[in-house]
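One structure is given below, encoded as structure tokens.
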Amino acid sequence: MKYQRVSGDAVEYEVFARKTRVEPLHQVGSVVAPDDDLAMAYARATYDEERWCEMAIVRKDDVIRLWSPGEA
Amino acid sequence: MSLSDLVLSLADNKQMLGLRYAEWATRAPSLEADIAAAAMGLDDLGHSRVLYGCLEPLGVDPRGPERESDPASLRNLAYFDDPWTEWSQFVAANAILDTAFTVMIEACVGGSVDVLQQRLRKMLLEERYHFLHGRSWLRSGIDTEPLLRAWREAIEWFGPPDGESAKLHREGKLSLGPAELRARLEERLEMKAPPVTSDWKGWDPIRRRARPGSIDAHTFGMLRGLEEKKYAPPTAKQAAPRA
């Protein structure tokens with residue numbers, strides 16, 4: 001989904017994190033930003049309340065969807 | 001000026017930067033930027049606490065009683081004297097001044113003083129996100145005036161070429177001197193500093209600034225706890241007697 005912002009198109013990023021090495025990364029939320037740098041800063045600021053051992057962001061557009069709800 | 005004076009200047013500036021960031025927690029251009037302003041404000045206030053805590057182990061605490069009554073005794077840059085009215089001022093401080101403080105912290109961590117090597121290292125991890133935030137907003141374009149002012153104050157804050165911070169560098173207490181600090185700041189921001197001709201004769205080596213002035217009365221009152229007193233419940237003595 002594209003967000004129109006005054007500065008141009010902003011991109012939605014999914015935010016993934018985990019608290020321990022033994023658990024898989026799971027989605028903790030999303031942020032909207034015009035570039036990767038700002039998305040990293042926003043993800044860290046927004047979701048850093050817990051003690052994650054790893055955090056990663058992925059552009060939502062880069063996710064290759066096999067099927068969506070209702071299509072299986 | 002001693003290393004303690006420099007650390008106190010860093011602490012006072014981090015405290016004011018944190019407070020000015022926090023003032024924008026509901027005024028930034030987007031909700032995400034609001035949250036980033038709040039988070040960065042908390043980070044920098046936390047960094048200032050760590051830096052104040054380094055003064056005793058350094059052996060000299062330059063804080064005197066005048067800090068309780070005279071706002072001009074605080075060692076903040078003139079850039080933080082008044083609340084920012086424009087987002088461009090926030091971005092220039094975030095990109096230029098916050099990064100200038102980070103570069104100085106790098107010089108402390110790379111220097112020979114144990115307490116600074118050990119206690120300041122974690123700040124650099126948190127500052128990475130401040131830098132990404134500031135640089136990205138800077139690239140989107142901001143007004144020239146706050147940008148030039150931030151550059152000038154950053155370069156002046158590093159100190160004169162033959163001043164005390166250069167001496168601390170020669171002694172190994174800082175891994176970078178004024179020229180190297182400026183070069184690293186330029187390298188980090190991928191831009192050249194504008195031409196700055198500083199009048200070092202009028203520069204205050206304790207407050208590390210050329211301009212006179214001090215923080216606004218409200219902010220000073222808040223730091224001192226005077227603002228809080230306005231909302232304190234009346235004591236039994238002050239309360240009106242019940243009929």
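Residue numbers begin at 1 in each chain, while the letters A, B, ... track the order of the sequences.
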| said: Just verifying a value: how many Å separate A:L38 CG and B:S136 OG, rounded to the nearest 0.5 Å? | reply: 4.0 Å
| query | So which heavy atom on B:A36 is nearest to which on A:A45, and how close? | reply | CA-CB, 3.7 Å
| said: Please report the interatomic distance OH(A:Y42) to CG(B:L132), rounded to the nearest 0.5 Å. | reply: 11.5 Å
| request: Determine whether more than 12 heavy atoms belonging to other residues, nucleotides or ligands lie under 6.0 Å from atom CD of A:E49. | output: no
| request: Walk me through it: do A:D35 and B:R139 pass the test side-chain contact (heavy atoms from CB on, under 4.5 Å)? | output: CA-CA 11 Å; A:D35 60 50; B:R139 284 174 175 168; over 6 Å; no
| request: Using non-hydrogen atoms and a 4.5 Å limit, figure out which bit of B:A33 sits close to chain A: side chain, backbone, both or neither. | output: both
| message | Rounded to the nearest 0.5 Å, what separates atom NE2 in B:H130 from atom CZ in A:R44? | response | 5.0 Å
| In terms of heavy-atom contacts, does CD of B:E56 have more than 12 from other residues, nucleotides or ligands at under 6.0 Å? | no
| note | Of the listed A:D48, A:D36, A:T46, A:V31, the one with the largest count of heavy-atom pairs under 4.5 Å with chain B is A:T46
